[in-house]
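When reading the values below, keep in mind they use all heavy atoms of this one structure, side chains included, and skip hydrogens, waters and symmetry mates. Please read these numbers as outputs of a predicted model, since none were measured by experiment.
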Amino acid sequence: MDRSAAILQIREACKNIALQMMKISPAIHKLGDAETQSDCIKAGYELTIQLEIIKKKIGRLEKADDSTLL
């Protein structure tokens with residue numbers, strides 16, 4: 001697998017994780033326990049931040065690859 005293929009695979013995985021998070025978030029509000037809900041919301045938020053970091057890093061790497069071709 002080359003770098004381009006790895007970037008595409010990572011980007012697709014991040015997209016799938018984000019889609020699954022969309023299913024988790026509404027369910028959290030139905031747990032009926034404020035402490036658990038709060039902790040789960042915080043953890044989901046942290047996960048979202050980490051996914052965005054991954055996407056930004058691979059985006060920069062992809063742009064760096066493109067600039068070396070010029």
Option among Lys56, Arg11, Lys55 that satisfies the salt bridge (Lys or Arg N to Asp or Glu O under 4.0 Å) test with Glu62: Arg11
Quiz: residues 1-10 side-chain donor-acceptor pairs under 3.5 angstrom, not counting sequence neighbours:
from : atom 1 : to    : atom 2 : distance (Å)
Asp2 : OD1    : Ala5  : N      : 2.9
Arg3 : NH1    : Asp65 : OD1    : 2.7

Cluster companions of Ile49 among Ile, Leu, Val, Met, Phe, Trp, Tyr (side-chain spacing under 4.5 Å): Tyr45, Ile53
For residues 12-19, tabulate all N or O donor-acceptor pairs below 3.5 Å that involve a side-chain atom, not counting sequence neighbours.
from  : atom 1 : to    : atom 2 : distance (Å)
Asn16 : ND2    : Glu12 : O      : 3.3

Mind listing the side-chain donor-acceptor pairs of residues 24-37 below 3.5 Å, one per line with the distance, residues two or more places apart or on another chain?
from  : atom 1 : to    : atom 2 : distance (Å)
Ser25 : OG     : Met21 : O      : 3.2
Asp33 : OD2    : Thr36 : N      : 2.9
Asp33 : OD2    : Thr36 : OG1    : 2.6
Gln37 : NE2    : Ile28 : O      : 3.2
Gln37 : NE2    : His29 : O      : 3.0

Side chain to side chain donor-acceptor pair (under 3.5 Å) partners for Lys57, two or more places apart: none
